[in-house]
2 protein chains.
Amino acid sequence: MPSSNVVPPARFSAQARLRALQSDIMELILDRDLEAGDALPTENELCTALGVGRNTLRESLKVLQALGVIEIRHGFGMFVAPSNFEALADGLIFRARLSLRHHGLEALQLVDVRQALEAGLIGSSMDLMTAGQLAGIEESVVRMEELGAAGESFVDADSDFHSRLFEPLNNELLFNLLGVFWKVYRKIHSEIGAGAEDLAAVAELHRNVYTAVAAGDKARAAQELTRHFDGIRRRISDVVAD
Amino acid sequence: MPSSNVVPPARFSAQARLRALQSDIMELILDRDLEAGDALPTENELCTALGVGRNTLRESLKVLQALGVIEIRHGFGMFVAPSNFEALADGLIFRARLSLRHHGLEALQLVDVRQALEAGLIGSSMDLMTAGQLAGIEESVVRMEELGAAGESFVDADSDFHSRLFEPLNNELLFNLLGVFWKVYRKIHSEIGAGAEDLAAVAELHRNVYTAVAAGDKARAAQELTRHFDGIRRRISDVVAD
DNA sequence: ACCGTAGCGGATGTCCCATGTCCCCTGAGC
DNA sequence: GCTCAGGGGACATGGGACATCCGCTACGGT
């Protein structure tokens, strides 16, 4: 064990040291050829292996957990984690809420990015879409229309609709990213109060998207999606204006 | 210390408690109307305010730092941070490298997402672009061509080119995201060894994008960008095939 | 009077130790 | 053969001690 003698390799900024420690841990995972699901060494082993104290190590470990790199199971051990963007969502939610209290900039930028992603990818997704997946999308639309007619909110159906739209791409990273945006949107949506929105109109916007997709008209699908986001953007602007 | 009786609010999973603590801290920031740059209470104050030990608190604090929510300055204090996606980049780099060792799936998905973002937003960016910004883009292309002709790698110029392409949108979130993707790409690019790439061909692809942008032809700009990404995708596939 | 610097106070960084809590695994009992 | 209580290992939490760093201030030289 390379006990770093007396001096921890020169004092860089503490921040740099922490980042270096995280990198070391990740490097160690890569070196040992661990795959998702494999167990990491115990905390104590890592302490001695990396030459740092347990608390210092744990701080890095928690960061890696938040980043979705590792999974920590109390009382059992630590493992290489499957993709997980939960914490990223929390960070973005925080930023969006913070911005809503001031100028609402970040919240609007978030919508821009989500719009670019959805409008930009709908074409490729349509290329790969099966009849079954198309039917699933319509089902979501129907559910939104039914709930809307009953005066009930349909956040879940809305969420389903958007996931199904991009299911054919089979791109987990994209799913995670869109999931994050959705989560953020849902949170700020509940924060800004959604009372004033017209459920039937929202359902109709989604119906329009579905129609374009079913017809195989990529340009119109992208355009309808864009319009859908214009509505969201307007609502955020209204709230910030207060 | 207001020891909350004997038992902390029922024992949920430790994970949930940590997340709750993070939320509490963020809630506290929002409640006190702190803006980016404002100072947070000291660690000890937070310990008593939230009723947890310093170690536990610090673990949450480090996570928030990694998420770019707060900035910690050794010996001075903690502050609400401006947007910062550094750590996210590290997490993604790790995932991409991990995937390259197996099937390369995540790396390819990353390229897909980046492609959707760039191709999807180029149109809007062109709407807002000024003559000066357009000139800046051409300058990047020229630099790439010069360096390429001299046989030198031009990662920086390439990076400049892409940032300038979307500068008109003035969307910090997008910048951060693209910055993350770029950083990941750069890392895996250096990992997979870039020796075999044809510098002149890459420069030409960028020149084509510029020409389309300068001509105001949105469809062709998006198409040229897509082709540019096809090249990247192919190179990753080649590496994984080994 | 001005300016540079050494020292001070406070805050974070690192570490150790003790104890609580949880989980998987094993083996005894049915 | 199956079930469940117990053991052991591993993580969670909290407290304390000491090191390190930063910005500010007050001292002393010019």
Side-chain angles (χ1 to χ4, degrees), chain A residues 1-25 34 37-66 69-81, chain B residues 1-25 28 34 37-66 69-81 87:
Chain A
M1 187 259 303
S3 96
S4 41
N5 267 339
V6 261
V7 68
R11 308 300 278 153
F12 281 95
S13 87
Q15 202 142 330
R17 273 176 40 105
L18 192 65
R19 283 174 65 86
L21 186 52
Q22 290 165 31
S23 296
D24 285 347
I25 298 170
L34 301 179
D38 290 347
L40 270 69
T42 69
E43 288 183 350
N44 283 321
E45 283 169 344
L46 282 176
C47 286
T48 59
L50 300 175
V52 297
R54 208 169 86 98
N55 271 326
T56 310
L57 175 76
R58 276 178 61 79
E59 283 170 7
S60 288
L61 252 17
K62 290 290 179 176
V63 170
L64 291 181
Q65 179 190 33
V69 172
I70 66 173
E71 185 185 342
I72 301 178
R73 289 164 64 180
H74 186 172
F76 191 43
M78 300 179 295
F79 305 84
V80 181
Chain B
M1 195 251 307
S3 90
S4 44
N5 270 336
V6 260
V7 72
R11 308 298 281 157
F12 282 95
S13 85
Q15 202 143 333
R17 274 180 37 109
L18 192 65
R19 283 173 64 85
L21 187 52
Q22 289 166 31
S23 296
D24 286 346
I25 297 170
L28 183 143
L34 301 179
D38 290 347
L40 269 70
T42 70
E43 289 183 350
N44 283 321
E45 283 170 343
L46 282 177
C47 285
T48 59
L50 300 175
V52 297
R54 198 163 90 104
N55 279 329
T56 310
L57 176 75
R58 275 178 62 80
E59 282 171 8
S60 288
L61 252 17
K62 289 291 178 179
V63 170
L64 291 181
Q65 180 192 31
V69 172
I70 65 174
E71 185 185 341
I72 302 179
R73 287 163 63 180
H74 186 175
F76 193 43
M78 301 180 294
F79 306 84
V80 180

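Since the model is a prediction, treat every value here as computed from it, not as a measurement. Side chains are part of it too, since the values below use all heavy atoms of this structure and drop only hydrogens, waters and symmetry mates.
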**Prompt:** Hey, is the side chain of B:R58 poking within less than 4.0 Å of OP1 or OP2 on D:dG14, counting only N and O atoms?
**Reply:** no
**Prompt:** Separation of A:R17 atom CZ from C:dT12 atom P, in whole Å?
**Reply:** 18 Å
**Request:** Tell me, please, which residues at least two apart from B:D38 pass side chain to side chain contact (heavy atoms under 4.5 Å, CB included).
**Result:** B:L34, B:E35
**Item:** Interatomic distance where CG belongs to B:L50 and C1' belongs to D:dT13 [whole Å]
**Value:** 15 Å
**Fill in**
Between B:C47 and B:G53, the two heavy atoms sitting closest are SG-C, 3.9 Å
**Prompt:** Could you state the CG-C1' distance from B:L57 to D:dT13, rounded to the nearest angstrom?
**Reply:** 12 Å
**Request:** To the nearest Å, give me how far apart CD1 (B:I72) and P (C:dT14) are.
**Result:** 10 Å
**Asked** If every non-hydrogen atom of B:L21 is compared with every non-hydrogen atom of B:S60, which pair is closest and at what distance?
**Response** CD2-OG, 3.3 Å
Under 3.5 Å, which protein N or O atoms sit close to an N or O of nucleotides 24-26 of chain C? Give each pair with its distance.
| unit_1 | atom_1 | unit_2 | atom_2 | d |
| --- | --- | --- | --- | --- |
| C:dC24 | OP1 | A:R73 | NH2 | 3.1 |

**Item:** Whole-Å distance separating the CG atom of B:N44 from the C1' atom of D:dG15
**Value:** 11 Å
**Asked** Considering only side-chain heavy atoms of A:V52, which listed nucleotide, C:dC15, D:dA12, D:dG14, is closest?
**Response** C:dC15
**Prompt:** Over how many whole Å does the gap from B:E59 atom CD to C:dG13 atom C1' extend?
**Reply:** 14 Å
**Message:** Is it the case that D:dG15 (base atoms only) and B:N55 (side chain only) share a donor and an acceptor within less than 3.5 Å, ignoring hydrogens and angles?
**Reply:** yes
**Complete:** Rounding to 0.5 Å, atoms CG (B:L40) and CG (B:L61) come to a distance of 7.5 Å
**Prompt:** What is the distance from CG of B:L18 to P of D:dC11, rounded to the nearest Å?
**Reply:** 15 Å
**Asked** Listed by chain and number, what are the side chain to side chain contact (heavy atoms under 4.5 Å, CB included) partners of B:Q65, not counting sequence neighbours?
**Response** A:Q15, A:L18, B:K62, B:I70, B:I72
**Item:** Comparing B:R54 and B:T42 on DNA chain C - which has the more 5′ nearest nucleotide
**Value:** B:T42
**Item:** Base D:dC11 paired with A:H74 side chain (donor-acceptor, <3.5 Å)
**Value:** yes
**Asked** Under 4.0 Å between a side-chain N/O of A:K62 and OP1 or OP2 of D:dC11, yes or no?
**Response** no
**Request:** Quickly work out the B:Q65 CD to C:dT12 P distance and round it to whole Å.
**Result:** 12 Å
**Asked** What pairs meet the salt bridge (Lys or Arg N to Asp or Glu O under 4.0 Å) rule with one or both residues in residues 41-50 of chain A, with sequence neighbours excluded?
**Response** A:E43-A:R54, A:E43-A:R58
**Asked** Below 4.0 angstrom from OP1 or OP2 of C:dC15, is there any side-chain N or O of A:T56?
**Response** yes
**side chain to side chain donor-acceptor pair (under 3.5 Å) involving B:N55 - partner list, sequence neighbours excluded** = A:N55
